[in-house]
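This report refers to the structure that appears directly beneath it.
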Amino acid sequence: RSGTTLTEKILSSHSQVGGAGELSMISTVNRNILGGRAVQVFEEAIRSLPRPIINDWVNGIETNMRHLCPGRERIVDKMPHNFLRCGLIRILFPRSRIIHCYRHPADNFLSGFKAELRSAHSYFHSPEVFSTYYDSYRRLMNHWYSAIGEAVFPLCYEDLVQEPRKVI
């Protein structure tokens with residue numbers, strides 16, 4: 001609903017970039033790190049993990065991505081909810097770049113509402129719920145820009161479709 005599919009298609013048209021779709025691997029690693037504990041203990045949880053376990057997760061993700069996109073130098077995971085885990089992505093993949101696809105909130109809401117998305121996107125079912133969700137999302141993204149700004153590239157959907165040559 002924010003342009004991730006279009007962005008993936010554009011990027012994967014390059015011979016060295018593969019589009020892997022929406023992968024759940026980062027979310028799975030996040031759950032494994034927390035092990036049922038509250039997100040507030042994330043930093044403590046990840047610091048307590050032995051490096052070989054983290055390396056195994058990284059190798060597993062890289063192996064899966066290479067299998068999905070053989071021979072590609074860069075691989076795109078367009079899972080929209082990865083915005084929740086930008087910090088984890090940078091910890092696991094310090095050289096990664098995160099493309100933050102966004103669009104006007106009203107357009108984003110209407111797109112999601114019309115698509116009748118499943119329960120993982122229940123915030124699209126009413127404007128009030130979406131507004132609260134969107135405010136939280138923007139606050140978190142502002143945090144990521146502050147914490148790891150050099151790794152996050154802002155990509156406005158409206159700019160991309162209005163001036164594709166300039167934005168690409």
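How far CG of L11 is from OG1 of T4: 11.0 Å, rounded to the nearest 0.5 Å. Remark: R51 CZ to I54 CD1 distance equals 5.0 Å, nearest 0.5 Å. Separation of atoms CG (N59) and CG (N55) is listed at 6.5 Å; rounding is to 0.5 Å. Taken from CD1 in I91 to CZ in F42, the straight-line distance is 5.0 Å, to the nearest 0.5 Å. To the nearest 0.5 Å, the span separating CG on N32 from CE on M25 amounts to 13.0 Å. Between atom CD1 of residue I168 and atom OG1 of residue T7 there is a gap of 9.0 Å, rounded to the nearest 0.5 Å.
Taking Y137 as the reference, F83, H100, Y134 meet the ring pair (Phe, Tyr, Trp, His ring centres under 6.0 Å) condition, with sequence neighbours excluded.
The one candidate from L68, I61, N82 that meets the side chain to side chain contact (heavy atoms under 4.5 Å, CB included) condition with L23 is L68. Only one option out of R97, R95, R90 pairs with E150 in a salt bridge (Lys or Arg N to Asp or Glu O under 4.0 Å); it is R90.
Heavy atoms of other residues, nucleotides or ligands lying less than 6.0 angstrom from CD of E43 number 12 at most.
Using a 4.5 Å heavy-atom threshold, the side chains of D159 and K166 count as separate. Between V161 and L6 there is a side-chain heavy-atom pair separated by less than 4.5 Å. Contact check for C101 versus Y157: no side-chain heavy atoms found under the 4.5 Å cut-off.
Ring pair F109/F130 is tilted by interplanar angle, where 30° to 60° counts as tilted.
A single hydrophobic cluster is not seen to contain both I75 and V17; linkage of ILVMFWY side chains at heavy-atom distances under 4.5 Å, directly or through other members, places them apart. Cluster annotation: L110 and Y102 are assigned to the same hydrophobic cluster (Ile/Leu/Val/Met/Phe/Trp/Tyr, side-chain heavy-atom contacts under 4.5 Å, transitive). L140 and F153 are not part of a single hydrophobic cluster, where members link through side-chain heavy atoms under 4.5 Å apart. Each of V76 and M65 belongs to its own hydrophobic cluster when Ile, Leu, Val, Met, Phe, Trp and Tyr are linked at side-chain heavy-atom distances under 4.5 angstrom. Residues M79 and F124 are members of separate hydrophobic clusters, defined by side-chain heavy-atom contacts under 4.5 angstrom among Ile, Leu, Val, Met, Phe, Trp and Tyr.
Under the salt bridge (Lys or Arg N to Asp or Glu O under 4.0 Å) criterion, the residue pairs touching residues 68-85 are E22-K78, with sequence neighbours excluded.
Among all heavy-atom pairs drawn from G19 and S12, the shortest one is N-CB, 3.6 Å. When all heavy atoms of F113 and H125 are compared, the pair lying nearest together is CE1-O, 3.6 Å. Closest heavy-atom contact between A151 and S96: CB-O, 4.2 Å.
Using a distance-only test at 3.5 Å, with no hydrogens or angles considered, a donor-acceptor pair links the side chain of R37 to the main chain of L34. Distance alone, capped at 3.5 Å, places no donor-acceptor pair between the S111 side chain and the N108 backbone. With hydrogens and angles ignored, the 3.5 Å screen pairs no side-chain donor or acceptor of S24 with any backbone N or O of S27.
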side-chain contact (heavy atoms from CB on, under 4.5 Å) assessment of I98 paired with W144: CA-CA 10 Å; I98 297 166; W144 293 133; over 6 Å; no
CA sep, side-chain torsions, deciding dist, call: L84, N30, side-chain contact (heavy atoms from CB on, under 4.5 Å): CA-CA 10 Å; L84 294 166; N30 191 72; over 6 Å; no
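In this structure, H143 has its ring center no closer than 6.0 Å to that of Y145.
Y123 and H121 form a side-chain donor-acceptor contact under 3.5 Å, judged by distance and modelled atom types alone.
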